Amino acid sequence: MRLSDPQLIGALAALGVEHRVGVSLAEKTSLGIGGTSDLLLVRRHESLPDLIRLLRQAGVPHRFLGGGSNVLLPDGELPWVILQLARQDPEIRIEGNLVFVDCAADLGRTVTTCAKHGLGGMEGLIGVPGTVGGALRMNAGAYGTQIGSFVREVQVYRAATGQLETLRGSAINFEYRHTSFAPDDIMLAVRLELPSKPYREILQGIRICNEKRRASQPLNQKSAGCIFKNPPGRSAGRMIDELGLKGHAAGGARVSDRHANFFVNAGHATSADMRALIADVRRRVRERYGVELEEEVIVWKDS
Ligand SMILES: Cc1cc2nc3c(=O)[nH]c(=O)nc-3n(C[C@H](O)[C@H](O)[C@H](O)COP(=O)(O)OP(=O)(O)OC[C@H]3O[C@@H](n4cnc5c(N)ncnc54)[C@H](O)[C@@H]3O)c2cc1C
């Protein structure tokens with residue numbers, strides 16, 4: 001979506017919001033899929049209530065993008081403007097066992113910065129791409145660790161009130177790849193509490209997780225990580241593998257040969273290719289196992 005109203009564009013500038021015109025979203029997602037749209041880079045968290053109000057008044061729909069590592073976007077001109085948070089300086093502040101992190105910060109860098117300060121617990125999250133905000137939204141997790149376990153407080157733009165609010169960690173439900181934030185809430189900053197650990201021990205944990213990832217995931221190909229959530233007590237990847245679907249393709253979208261729950265953009269995949277592959281695999285799993293797979297990747301539907 002392109003913004004053309006000079007009054008709206010002027011008001012955005014007055015709020016300190018950077019208006020980037022005709023941005024290629026394929027370049028901003030780990031799948032390398034997505035059309036174009038104007039992108040609004042939010043430099044000051046305090047401007048969000050006014051920004052959202054402005055967009056609503058002007059009838060401009062919006063979607064929020066973090067690091068783009070868990071989304072499947074449509075092709076062509078997108079029907080929304082894209083909001084993204086600019087990184088704050090400093091991104092991370094550490095006081096004892098408490099870590100204050102900006103939600104635009106890279107999750108992996110956050111894990112390693114904490115490690116250098118002798119704060120561990122999040123070793124399993126190394127190698128999960130994307131931002132801290134995206135990790136909060138998804139309750140990102142791996143190797144028995146999930147970010148929600150460490151959350152003590154979240155600063156958030158609440159869609160329900162149109163205000164910035166601080167939520168206690170205990171008031172938020174963090175479940176398997178699901179959280180109780182409202183769909184339009186925007187996470188801005190978080191206070192984590194991490195256990196003290198010797199740096200060398202944390203580093204060893206990080207190395208082990210990195211090795212496990214390298215051994216099992218197609219890290220040199222464009223993907224969004226696992227496409228489906230694991231149904232209770234079952235592994236989506238194992239079912240897809242048992243169906244002999246590794247290498248199965250729809251156009252340029254392909255089930256990874258390395259990890260059957262990773263679908264990769266094997267070159268010039270369109271959004272329609274990826275959605276067709278998701279639908280095909282889901283149907284085959286339903287027919288063989290009677291299990292309805294739920295997407296882990298967030299699919300932005302344009303209709
Ligand atoms: C190679 C690879 C490996 C992966 N491995 C794992 C893994 O082991 N475990 C795991 O959990 N995930 C994994 N993922 C998926 C992905 O990295 C995580 O879900 C990640 O936390 C998404 O963060 P992001 O910033 O990229 O979010 P995005 O993809 O940008 O967004 C995901 C959703 O969160 C919303 N969102 C993002 N930021 C905010 C914010 N600040 N406020 C409100 N909403 C927001 C978006 O609107 C969107 O709906 C993997 C992905 C890849 C490519």
Side-chain angles (χ1 to χ4, degrees), residues 25 28-34 39 41-42 45 48 52 62-73 78 80-88 101-111 122-149 151 154-159 164-165 167 172 174-190 209-210 212-214 216-230 236-237 256 258-259 261-265 295-301:
L25 275 310
K28 294 201 166 281
T29 65
S30 58
L31 269 171
I33 294 175
L39 185 145
L41 192 66
V42 179
H45 294 168
L48 264 169
I52 306 285
H62 65 272
R63 288 279 167 104
F64 188 88
L65 186 70
S69 65
N70 202 45
V71 282
L72 172 57
L73 272 53
L78 305 189
W80 322 277
V81 290
I82 307 300
L83 305 190
Q84 214 172 25
L85 295 176
R87 285 194 193 140
Q88 305 293 301
V101 199
D102 169 46
C103 279
D106 179 77
L107 178 65
R109 207 170 46 243
T110 303
V111 174
M122 297 204 294
E123 295 85 326
L125 297 177
I126 201 76
V128 177
T131 61
V132 168
L136 288 176
R137 159 71 67 195
M138 301 303 306
N139 189 20
Y143 307 121
T145 306
Q146 54 174 25
I147 192 164
S149 314
V151 173
V154 182
Q155 283 166 27
V156 62
Y157 164 80
R158 292 227 93 179
L164 304 189
E165 294 180 22
L167 305 181
I172 305 162
F174 287 100
E175 294 160 22
Y176 170 56
R177 304 298 171 273
H178 179 77
T179 51
S180 57
F181 295 109
D184 290 346
D185 286 349
I186 299 177
M187 283 63 91
L188 304 171
V190 61
C209 293
N210 274 335
K212 282 188 192 164
R213 248 175 223 283
R214 271 197 294 271
S216 62
Q217 298 181 2
L219 298 182
N220 56 352
Q221 286 183 291
K222 293 177 178 173
S223 81
C226 288
I227 283 287
F228 296 112
K229 294 183 186 182
N230 288 321
S256 161
R258 222 171 153 74
H259 190 311
N261 200 13
F262 275 53
F263 292 9
V264 300
N265 175 355
E295 285 141 15
E296 178 167 330
V297 65
I298 308 285
V299 182
W300 289 8
K301 298 199 174 78

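Worth knowing before you read on, the calculation uses all heavy atoms, side chains too, and leaves out hydrogens, waters and symmetry mates. Source: prediction; values computed, not measured. When a ligand or atom number is given, it counts from 1 through the structure's own listing order.
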Shortest heavy-atom approach to atom 49 (O) of ligand 1 - which of L73, D184, I298 = I298
Can you find a non-hydrogen atom of R213 under 4.0 Å from ligand 1?
-> yes
Sub-4.0 Å atoms of ligand 1 with respect to non-hydrogen atoms of A142 = 8 (O)
L39 vs K28, side-chain contact (heavy atoms from CB on, under 4.5 Å): CA-CA, chis, key distance, verdict | CA-CA 11 Å; L39 185 145; K28 294 201 166 281; 3.9 Å; yes
Which heavy atom of the protein is the closest neighbour of atom 24 (P) of ligand 1, given with residue, atom name and distance?
-> G67 N, 3.4 Å
Numbered atoms of ligand 1 (with element) below 4.0 Å of G141, judged on heavy atoms = 7 (C), 8 (O), 9 (N), 10 (C), 11 (O)
Taking the side chain as C-beta and beyond, is there a heavy-atom pair between R213 and L219 under 4.5 Å?
-> yes
Would you say T179's side chain and F174's backbone share a donor-acceptor pair under 3.5 angstrom?
-> no
Contact check: S69 vs ligand 1, nitrogen or oxygen atoms, below 3.5 angstrom = yes
Hey, does G66 come in under 3.5 Å of ligand 1, counting only N/O atoms on both sides?
-> yes
Under 4.0 Å from a heavy atom of L65: give me the atoms of ligand 1 that qualify, with their elements.
-> 30 (O)
Shortest protein contact, atom 29 (O) of ligand 1 (heavy atom only) = N70 N, 2.7 Å
Taking atom 37 (C) of ligand 1 as the reference point, the nearest protein heavy atom with its distance = G134 CA, 3.5 Å
So, the side chain of R258 versus the backbone of Q217: is there a donor-acceptor pair under 3.5 Å, distance only?
-> yes
Considering only heavy atoms from C-beta outward, does the side chain of V264 approach that of K222 to under 4.5 Å?
-> no
Could you state the interatomic distance from OG (S30) to CG (N70), rounded to the nearest 0.5 Å?
-> 7.5 Å
Side-chain donor/acceptor of N210 to backbone N/O of G127, under 3.5 Å | no
heavy-atom search around atom 28 (P) of ligand 1 in the protein gives G68 N, 3.5 Å
Per-atom contacts of ligand 1 with I186, taking only distances under 4.0 Å to non-hydrogen atoms = 42 (N), 43 (C)
Output the list of atoms in ligand 1 that are nearer than 4.0 Å to some heavy atom of D185, sorted by atom number.
-> 43 (C)
Under 3.5 Å, is there a donor-acceptor pair between the side chain of D184 and the main chain of A159?
-> no
Taking distance alone, with no angle check, do T131 and ligand 1 share an N/O pair under 3.5 Å?
-> yes
Mind checking the CD1-CG spacing from I186 to L164? Nearest 0.5 Å is all I need.
-> 9.5 Å
For M138, the ligand 1 atoms with a heavy-atom partner under 4.0 Å come out as 19 (O)
Those atoms of ligand 1 less than 4.0 Å from some heavy atom in A140 | 11 (O), 21 (O)
Exam field: side chain N139 to backbone H178, donor-acceptor pair closer than 3.5 Å | no
Are R177 and ligand 1 in contact, using a heavy-atom cut-off of under 4.0 Å?
-> yes
Relative to ligand 1, is C226 under 4.0 angstrom through side chain, backbone, both or neither, heavy atoms considered?
-> neither
Name the option, out of V297, V128, L219, that contains the heavy atom nearest to atom 14 (N) of ligand 1.
-> V128
Identify the closest protein heavy atom to atom 41 (N) of ligand 1: which residue and atom is it, and at what distance?
-> M187 O, 3.0 Å
Shortest protein contact, atom 31 (O) of ligand 1 (heavy atom only) | V71 CG1, 3.9 Å
Calculate, to the nearest 0.5 Å, the distance between atoms CG and CD1 belonging to L65 and I298 respectively.
-> 11.5 Å
Quick one: nearest non-hydrogen protein atom to atom 47 (O) of ligand 1, plus distance?
-> F64 O, 2.6 Å
Atom 34 (O) of ligand 1 - nearest protein heavy atom and its distance | R137 CG, 3.0 Å
Return yes if some donor-acceptor pair links the side-chain N/O of T110 with the main-chain N/O of D106 below 3.5 Å, else return no.
-> yes
Point-to-point distance, once rounded to the nearest 0.5 Å, from CZ of R63 to CD1 of I82 = 8.5 Å
NZ of K229: more than 12 outside heavy atoms within 6.0 angstrom?
-> yes
